[in-house]
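Each remark here refers to the structure printed beneath this line.
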Amino acid sequence: MTVEPPGVPGAISVGSLALVVDPANGDPNEDTVGHDTPCDIVADGSDALKAVLEGLRLRLANPVVPNETLSLEGGDRDR
Amino acid sequence: MKLSDFIGARTFPKGRFEVWSFPDPPKKKPETAEEAPRPEPGQPGAPGAPAPSRPAAGAVPTKAAARPPAVEVAQRLLRFEVPVGDEPTTRRVPSSLEVPADLGRADAKLVYSALTRAGVQHLGLQAAQLVRLHQAVQRERHVELFADINALTTGLVSHLAMSLGPGLGRIVVSSSLIDVLHEYQSALKRKRPHDFRRKRELARALRMLDELRETVPVHIHQLPPGASRYFQRKGGVVPNDHVEPRDDDDDVGEGTYVSEDRQMVSAFWDYLSRSNPRLPAYMVTSDFALAHVCAAERVAFVFAPTPYEAQLNAGGSHDLRTLWFDPYALALRACPPHRILWELCMVYGRLNVLKVDNSSGAGGGGGGASDPLNDPDSFSLTHDTRLQYPGSPSDLTSGRPLTAPPVAEPSAKQARPSKQVRPAAHDEREPLLQVRLATILEVLPTRPGQQIDVSEFKSNHEHRQRQWRQIGDATGLFEVTETAVRSGPALPDLLAALKKRDYMAVNAIFRRVRTYDSVLREVEGGAPFPPSSKAGAVTGWAVSLGAAYKSAQLGTLYGLAEVADAVFEEHVLRFHREVGGGQPAAPIPEIVHKLCIALRISPIRVEAMLNRMLGHGALALYEAQRATVEGDLPGHPVLVFPTSAKPESYLREFQPARGILVDGKLMGSLVRRPPG
C-alpha cells in the first residue's frame with residue numbers, strides 16, 4: 001500500500017473493502033499479520049481487514065497532506 | 001528464558017485465560033497487619049494465593065504475634081481469550097482482552113501501561129498528534145523525540161517510534177530521568193507492594209531504551225551540575241505524583257520545591273541550546289500538567305494521556321486491540337499474549353496464568369470442570385529483577401502454577417448449589433455480606449429481558465453463591481436459574497434511577513437487603529462504618545452505591561443524607577466564595593469535598609445535583625469549566641447507568657479529586673459569570 005501525492009487519483013475503494021469484511025462476504029481464512037521471532041503471528045483475515053479499514057478511515061479523516069489519496073498495490077482491485 | 005524463547009516455546013490452546021498476580025514471598029520478617037494491605041471481603045478465589053502462615057506450635061503468643069499475619073492478596077489482572085489454538089510456528093493474537101473493573105486504581109494503571117508497552121493499541125494516542133509528527137517528517141525527513149519517563153512507562157515512545165520508523169532521527173532522554181530509579185530507592189520506606197511495582201516499572205522503562213536502540217539511536221542528554229541546582233531533590237519527592245510525600249521524612253523542608261514539570265522543560269531547553277539539533281525536536285509526555293507547561297512555554301510537544309486515563313475518559317467504552325492498523329506507518333500491528341504476559345511479569349514479578357474454561361473441548365463428551373491451578377495449560381511466570389544483569393535482555397522463568405495453599409474450591413459448574421442447601425454451621429460466624437457489589441454487577445443484566453450465562457458469576461464459594469441468589473430475590477433485580485441470570489422486575493426501576501442519577505432511589509432498591517439496610521441505619525445515626533470483619537462487603541457496597549465516600553483523612557463517611565435544593569445551592573455559593581477567595585473561579589474538588597462533609601452527601605451525589613442545578617435558580621450565573629486540578633478525595637468505583645450491553649459498564653471509576661463530569665466532560669473549575 002502506498003500513499004499517492006496530492007492530485008493523483010487513488011485506486012483504493014473503502015467501499016469495496018467494506019464489502020470484503022461484510023459478514024456475508026467475510027473471509028474466513030487466517031492471514032499472517034506479523035512476525036515475532038521465531039514465529040508468525042496469524043489472525044482471522046476478516047479481523048485484519050476490519051483493522052485496515054478502520055485505520056484507513058482514520059487516515060482519510062486525518063490526512064498528513066491535504067487531499068492525499070491512498071492506493072493499493074498488488075491487491076485485487078476488482079474485489 | 002528470553003522473550004523470543006518464551007514466544008517460541010509456549011503455545012496457547014483455544015480458550016479463556018486469567019492472569020493473576022502472585023504475592024512476593026516475605027523478605028525478612030512478616031509485616032504487621034497494619035502495614036499490609038487487607039484482603040477485600042469477598043475476594044473471589046484468589047487462585048494460588050499463599051495462606052497466612054501460622055505461628056509455630058508452642059510459641060508464646062505475644063500481642064504482635066496475636067495479630068493475623070499479613071497477606072498480600074493475589075489479584076486478577078487480566079482476562080483474555082485465545083480464539084484458535086497456536087501451532088508450533090504460529091501464534092494468535094488474543095481476543096476479548098479485558099482488565100477487571102474491580103482492579104484497584106494503582107494496579108489498573110500498571111496493567112494498562114504494560115499492555116501498551118506490549119503492543120496493544122495506545123488508547124490515548126490521538127491521530128492529530130501522529131499527523132503533526134508525520135507532517136514534520138515529510139518536511140524535515142527526520143524528527144527527534146525528547147522523552148519524559150512516563151512516555152516510556154506507558155509505551156508512548158515505543159508506539160511513536162514504530163509509527164515514525166526511519167523518520168525518527170533519535171530519542172533523547174534527560175540524565176535526570178535516569179536518576180529517577182535511584183531516587184526511587186529512598187521512597188521505598190513503607191515497603192508497600194505497589195511501591196516496589198512502580199520501581200520495577202521504572203526499571204522496565206529504562207530497559208526499554210536498550211530495545212529502542214535496536215531501531216533508533218538513543219541519546220542521554222547530560223544535564224550540567226548547575227542545571228539541577230534549582231531542582232534540588234529533597235523530601236522523597238518522585239516525579240509525577242506516584243508517591244505521596246512522607247510524613248516521616250526528616251529532611252523535608254531542607255530543599256526547595258521540586259517541580260518535575262519545570263525540570264523537564266528546562267532540560268528540554270538545555271538540550272536545544274547546548275546540542276543545537278538541526279532537526280525538529282518534540283517533547284513526548286503523558287503528563288497532562290507538563291503538556292500544559294509545554295503549551296504555555298511554546299515547547300513543541302506530543303501528548304497522549306496514559307492508557308489508564310484514556311480508558312477513564314472513554315467512560316469504560318474502550319476497546320483493547322491486539323490487532324490494529326497504523327494508518328500513518330501503513331502497517332498492521334499484532335500483539336501476541338506472550339508479550340503482554342512478559343510485560344506484566346516484568347512489573348509484578350510472579351504471575352499465574354490460568355486456563356479458566358475447563359470443559360474439555362466443544363462437545364467433548366462430558367467435559368467436566370477442574371481446578372484451573374491443575375489445568376495442564378495453566379502455568380506461572382517468574383521474574384526477579386535482582387537476578388538480571390543490567391544491559392542484558394531480561395530473563396524470566398516459566399513453570400507450573402504457583403500454589404502455596406490448595407484453595408480447594410469447586411468450580412461454578414460443579415458446585416452450583418440448589419436453594420435447599422443449608423448453610424454450614426460455621427457460616428453463621430462469617431461476615432454478614434460476603435458478596436462484593438462488583439461481583440454482582442458483573443452478571444447483572446443491563447436491560448430487561450437480557451440473560452447472562454450463570455457461569456459468568458466469578459465466585460465459586462458456596463455461601464457467596466447462595467447469598468447472591470438471595471440478594472437477587474430480595475432486590476428483585478435479577479433471577480438466577482440453573483443456566484442463566486435473568487433480569488428481575490425491579491431492574492427497570494434501577495435503570496430509571498441511575499438514568500436520573502437518583503442515588504436515594506438506587507439505595508432504596510439495594511436496602512431491601514436487610515444487612516445493608518441495617519448498617520446504613522446505624523451509620524446514619526452517627527456510628528462509623530463497621531470493619532469488613534464485622535460487616536463484610538457492606539462498606540464497599542455503600543461507596544459504590546453513592547451512600548458513602550472515602551476521605552483521605554477521615555476514613556469512610558456517610559453520604560446519603562437528604563438535602564433540599566435550596567440548602568444545596570446556599571452551600572455551593574458559600575463554598576465557592578470561601579474556596580475561591582472572592583475570585584470568579586474556584587476549584588471544584590475542594591468545593592465538592594466541603595459540600596460532602598457539610599451536607600453528608602457523597603461526591604457522586606454532588607455531581608448529580610450540580611449537573612441538575614448549575615445554570616438555574618440561585619446558581620444561574622454559575623457554570624463548570626475545564627481545568628486541571630487535584631483534590632484530596634480518593635477515587636472509587638460508582639454504580640452508573642450502563643452505557644452498553646456489557647455489565648462492566650455499570651461501574652465508573654469516579655475521580656472526584658480531578659473534578660466532576662458535567663454533560664459528559666470533566667470539569668475542574670466552578671466559575672461565576674458576570675451578571676448580564
Side-chain angles (χ1 to χ4, degrees), chain A residues 1-8 10-14 16-18 20-21 23 26-75 77, chain B residues 2-12 82-95 118-119 121 125-139 162-164 167 214 319 321-339 342 393:
Chain A
M1 191 176 297
T2 60
V3 186
E4 300 290 352
V8 177
I12 192 168
S13 163
V14 174
S16 64
L17 274 177
V20 174
V21 299
D27 182 356
N29 297 323
E30 288 194 320
D31 291 329
T32 299
V33 294
H35 304 280
D36 209 335
T37 309
C39 298
D40 293 334
I41 309 296
V42 296
D44 182 84
S46 177
D47 289 342
L49 271 173
K50 280 179 190 170
V52 172
L53 183 60
E54 189 171 335
L56 290 177
R57 285 199 175 113
L58 186 70
R59 171 78 183 247
L60 293 173
N62 302 274
V64 174
V65 177
N67 302 318
E68 72 180 0
T69 56
L70 306 172
S71 66
L72 280 175
E73 287 183 350
R77 297 182 181 187
Chain B
K2 309 298 180 200
L3 175 59
S4 57
D5 299 331
F6 177 50
I7 295 174
R10 171 63 60 179
T11 56
F12 283 87
V82 177
V84 181
D86 288 338
E87 292 151 17
T89 58
T90 60
R91 301 289 176 264
R92 263 79 179 180
V93 292
S95 60
Q121 187 176 25
L125 184 53
Q126 299 292 319
Q129 302 290 313
L130 281 171
V131 167
R132 283 179 55 218
L133 285 177
H134 281 273
Q135 285 173 338
V137 169
Q138 271 208 341
R139 283 194 312 270
M162 277 199 304
S163 183
L164 293 172
E214 293 175 6
D319 190 8
R321 293 179 182 171
T322 50
L323 177 64
W324 51 285
F325 183 72
D326 181 346
Y328 299 100
L330 297 176
L332 264 172
R333 309 293 186 203
C335 174
H338 307 70
R339 285 191 175 270
W342 182 271

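Because the structure is a prediction, the values reported are computed rather than measured. Letters go in sequence order (proteins before strands), and every chain restarts at 1. No hydrogens, no waters, no symmetry mates; every other heavy atom, side chains included, goes into these values.
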> Taking atom CH2 of B/Trp324 and atom CG of B/Leu332, what is their separation to the nearest 0.5 Å?
Replying inline: 10.0 Å
> Taking C-beta and beyond as the side chain, do B/Gln129 and B/Arg132 meet within less than 4.5 Å on heavy atoms?
Replying inline: yes
> For A/Ala48, is it the side chain, the backbone, both or neither that has a heavy atom under 4.5 Å from a heavy atom of chain B?
Replying inline: both
> Relative to chain B, which of A/Thr32, A/Asp36, A/Leu58 shows the most heavy atom pairs under 4.5 Å?
Replying inline: A/Asp36
> Relative to chain A, which segment of B/Arg321 carries a heavy atom at a distance below 4.5 Å: side chain, backbone, both, or neither?
Replying inline: side chain
> Under a 4.5 Å heavy-atom cutoff, which of A/Gly34, A/Ala51, A/Ala61, A/Ala43 has the most pairs with chain B?
Replying inline: A/Ala51
> Does the side chain of B/Gln138 come within less than 4.5 Å of A/Val65's, by heavy atoms?
Replying inline: yes
> Is there a donor-acceptor pair closer than 3.5 Å between any side-chain N or O of B/Arg91 and the backbone N or O of B/Ile7?
Replying inline: yes
> By a 4.5 Å heavy-atom criterion (distance strictly below it), what part of B/Thr89 contacts chain A: side chain, backbone, both, or neither?
Replying inline: backbone
> About how many Å separate CG of B/Asp86 and CZ of B/Arg10, when rounded to the nearest 0.5 Å?
Replying inline: 10.5 Å
> In terms of heavy-atom proximity below 4.5 Å to chain A, should B/Pro83 be classed as side chain, backbone, both, or neither?
Replying inline: neither
> How many angstroms lie between atom CD1 of A/Ile41 and atom NE2 of A/His35, to the nearest 0.5 angstrom?
Replying inline: 9.0 Å
>> Is B/Arg339 close to chain A through its backbone or its side chain, or both, or neither, when contacts mean heavy atoms under 4.5 Å?
In response: side chain
> Where does B/Val84 contact chain A at under 4.5 Å (heavy atoms): side chain, backbone, both or neither?
Replying inline: side chain
